[in-house]
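Read the structure below first, then the notes.
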Amino acid sequence: MRGAVIHAPGDIRFETLDDPKILKPTDAIIRTAVTCVCGSDLWPYRGLEPTDAAHPMGHEYVGFVEEVGSEVTSVKPGQFVVGSFATSDNICANCRNGFQSSCLNREFMSTCQADYVRIPNAQGTLVATAGVPGEEFWPGLLAVSDVMGTGWWAADAAEVKPGSTAVVVGDGAVGLCAVIAAKEMGAERIIAMSRHEPRQKLAVEFGATDIVTERGEEGVARIKELTGGIGADSVLECVGTAQAMQQALHSARPGGNVGFVGVPHEVAVDGQELFFSHVGLRGGPAPVRRYLTDLIDRVLTGAIDPGKVFDLTLPLDQVAEGYKAMDERRAIKTLLTP
């Protein structure tokens, strides 16, 4: 098969790779329907995470089951399936508590920008749709496997409630999906922090009521101005930088909550400051499997359309251009078609 391999910062190649095989009785092999480039893939692409050796890339996927291991009974060959970037058996104590991304048998997906993918823990990870969805739904279902599930977790962790005010820090695909989540959870006011007009427009389409272009302490001041000097009930941090985290913590009201889902890079939280702020802080890798069935249904019924975050579609063999376009902010998120 063929797939994307990173060799060094800025160096993505489309290469011939070994076909995946069933290695454990809990595995499945899927044929990729569509895959994509994630904002978190840009960390190694930009050299902000080390690339010690060439390795495959990609952790978002939907596709058709080709083969299953002997212990997999929940899906069968021919079915269209959606999974998560973090695999899970869905039966361990952490899974039963709703934190499948901390499954005791967790494996993170990392080979999905390819024609075929091996899915560990397939029994607990994959959810089959009732039939093969129309191709118009594939982008939305692909978003569910990570960015929509992660945006939903941001809103859940920040305890967005009906009638509340929510702030979304970050206008990438996760941030935009977090706007959808806040809207679905009933937030009355959704303030999206964005400096980019196309992303602002999409945020408004998804449910944002206000746009704040300022960043840092100026951004915090603007949030306070919009909330009567108090701050927001819920803040959804979807970036992962130190500035974004500080902006999020300072934008929440006393007793408010911050849900942080951006992978932290050089983020440090002042314990005493957090102590006196009365702000709750929760985040981590999204337990996408907890939300899969619900989010798949919302996509297929047309309640949400997170597939709109894909504003560039390329053949899989042009994956390097997909990375470049996102790195240069010419694209929010690149959809890749095998």
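Numbers here simply count residues along the sequence, with the first being 1. Scope of the values below: all heavy atoms of this structure, side chains included, with no hydrogens, waters or symmetry mates.
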* Between the side chains of Q113 and Y323, does any donor sit under 3.5 Å from an acceptor? -> yes
* To do: Could you tell me whether a side-chain N or O of D146 sits under 3.5 Å from a main-chain N or O of E60, the two making a donor and an acceptor?
  => no
* Is there a donor-acceptor contact under 3.5 Å linking the side chains of Q200 and H196? -> no
* Asked: Between D233 and R253, is there a side-chain N and carboxylate O pair less than 4.0 Å apart?
  -> yes
* Asked: When you check the gap from the basic side-chain N to the acidic O, do R199 and E197 get nearer than 4.0 Å?
  -> no
* To do: Inspect the contact between R298 and E184 and indicate whether a charged nitrogen and a carboxylate oxygen are less than 4.0 angstrom apart.
  => yes
* Charged N-O contact under 4.0 Å between R222 and E218 -> no
* Asked: Between K21 and D19, is there a salt bridge with N-O shorter than 4.0 Å?
  -> no
* Without hydrogens or angle criteria, can the side chains of D297 and T301 be said to hold a donor-acceptor pair below 3.5 Å? -> no
* Asked: Would you call E188 and K183 a salt bridge, taking side-chain N to carboxylate O under 4.0 Å as the test?
  -> no
* Stepwise side-chain contact (heavy atoms from CB on, under 4.5 Å) test for V235 and N257 -> CA-CA 6 Å; V235 184; N257 293 282; over 6 Å; no
* Structure fact -> Smallest heavy-atom separation, V160 atom then A187 atom, equals CG1-CB, 3.8 Å
* salt_bridge(D156, R290) N-O dist < 4.0 Å -> yes
* Any donor-acceptor pair under 3.5 Å linking the side chain of R118 with the backbone of P20? -> no
* Ionic contact status for D171 with R329, cut-off 4.0 Å -> yes
* Do F260 and W153 have their ring centres less than 6.0 Å from each other? -> no
* Check: V127 and V81 side chains under 4.5 Å, non-hydrogen atoms -> no
* For the pair E321 and R330, find out whether any cationic side-chain nitrogen is under 4.0 Å from an anionic carboxylate oxygen. => yes
* Please state whether the rings of F64 and W138 are parallel, tilted or perpendicular, taking 30° and 60° as the class boundaries. => perpendicular
* **Sidechain N-carboxylate O distance under 4.0 Å for R2, D115** => no
